[in-house]
Amino acid sequence: MKSKWLHQRESNRLICFCNGWGMDERPFIPLTSDRWNILMFYNYADLRTDQDLHGLMGQYEDIVLIAWSMGVWAGQRLFQPFKKNLRVALAINGTPCPIDDQFGIAEAVVRGTLDNLNEKQRLKFYYRMCRDRLLYSRFLENQPLRSVEDQRCELGALLKNACHCQGEESIYDCALVSEHDLVMPTQNQLNYWPEKRVRRVDGSHFLFYGYGSWDEIVDGLY
């Protein structure tokens, strides 16, 4: 696993952001923050991190976890021991069972993506993720600078490690579920999350450009 600070300043507020498969920091360049430090985790080829999570939990008074797509599974694994330190944990278009025929993406679909991944198929995936030509065009202006082989390696690890639902209690307090998710099927997300935790929103799998800042995302939780 890799980590990168998206925003870092003198602040006692921290957002830990668990990114989705194949991503890096570039798609999130347009999102600003005036109040929060943002630490992003990504590339789940393994779940080892060079961040001192125990130390981080002690440095900040206000900590929020935001996890997207495959990052919802990674966030569950990474932050389960620190649930009491989180003011709130938000899942966006994902579940802790991301490769699952009922609660996530069908295993056959993930295997097909892994077997056929190339530059052309990667662009098709990005389009399904956005579902809108204007959003897709904007995403491509900030698309990840990761090789196909690097993304394939990560997806192979996810297929091995995230393929079985653990059955443990979720750490997430709230789940944003897009009405038109073509990647993590909307109905499968609804199958997993208790209705009281769900906020259904218009949009596609990648919904971040519907917000002007990380602050706006967090403010919408209260």
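Atom CH2 of W36 sits about 10.0 Å away from atom SG of C16, to the nearest 0.5 Å. Between S170 atom OG and R197 atom CZ the span is 5.0 Å, to the nearest 0.5 Å. Distance check, rounded to the nearest 0.5 Å: CD of Q80 to CG of L78 gives 11.0 Å. Here SG of C153 is found 9.0 Å from CZ of R146. Values are rounded to the nearest 0.5 Å.
Taking the centre of each ring, F17 and W68 stay at or above the 6.0 Å mark.
The backbone N or O of E141 sits less than 3.5 Å from a side-chain atom of R26, completing a donor-acceptor pair.
Minimum interatomic distance between A157 and A45 (heavy atoms only, all atoms of both residues): CB-O, 3.4 Å. Contact record, I171 with A89: O-CB, 3.5 Å, taken as the closest heavy-atom pair. Nearest heavy-atom pair, A67 versus G71, reported as atom, atom and distance to 0.1 Å: CB-O, 3.4 Å. The nearest pair of heavy atoms linking C18 to F79 is SG-CE1, 4.0 Å. Considering all non-hydrogen atoms of both residues, P30 and N142 come closest at CG-ND2, 3.7 Å. Scanning all heavy atoms of the two residues, the minimum distance from P96 to W73 falls at O-CD1, 3.4 Å.
Not counting sequence neighbours, D34 has no partner by the side-chain hydrogen bond (donor to acceptor under 3.5 Å, both in side chains) test. By the side chain to side chain contact (heavy atoms under 4.5 Å, CB included) test, N118 is found to be paired with K120, Q121, residues two or more places apart in sequence or in another chain being considered. For N116, there are no side-chain hydrogen bond (donor to acceptor under 3.5 Å, both in side chains) partners, not counting sequence neighbours. Judged as a side chain to side chain contact (heavy atoms under 4.5 Å, CB included), and not counting sequence neighbours, the contacts of L134 are D132. In terms of the side chain to side chain contact (heavy atoms under 4.5 Å, CB included) criterion, residue partners of A106 (sequence neighbours excluded) are, by chain and number, D101, V109. Listed by chain and number, the residues in a side-chain hydrogen bond (donor to acceptor under 3.5 Å, both in side chains) with S33 are D215 (sequence neighbours excluded). Not counting sequence neighbours, the partners of Q51 by the side chain to side chain contact (heavy atoms under 4.5 Å, CB included) test are S3, W5, L39, F41, T49, L53, L56. Residues passing the side-chain hydrogen bond (donor to acceptor under 3.5 Å, both in side chains) test with R122, sequence neighbours excluded: E119, Q151.
D62 and R35 are not joined by a salt bridge, as no carboxylate oxygen comes within less than 4.0 angstrom of a charged side-chain nitrogen.
No side-chain heavy atom of L158 sits under 4.5 Å from any side-chain heavy atom of P98.
Pairs of residues two or more places apart, or lying in two chains, that qualify as side-chain hydrogen bond (donor to acceptor under 3.5 Å, both in side chains) and include a residue from residues 173-183 are K83-D173, N93-S178, E179-R200, H180-D202, D181-Q189, D181-H205. Identified under the side-chain hydrogen bond (donor to acceptor under 3.5 Å, both in side chains) test for residues 7-16, with sequence neighbours left out: N12-E61. The list of side-chain hydrogen bond (donor to acceptor under 3.5 Å, both in side chains) pairs with a residue in residues 14-24, not counting sequence neighbours, is empty. Evaluation of the ring pair (Phe, Tyr, Trp, His ring centres under 6.0 Å) test over residues 83-112, restricted to residues two or more places apart or in two chains, returns F103-Y192.
Looking at T113, L114, D115 one by one, the single match for side chain to side chain contact (heavy atoms under 4.5 Å, CB included) with R152 turns out to be L114.
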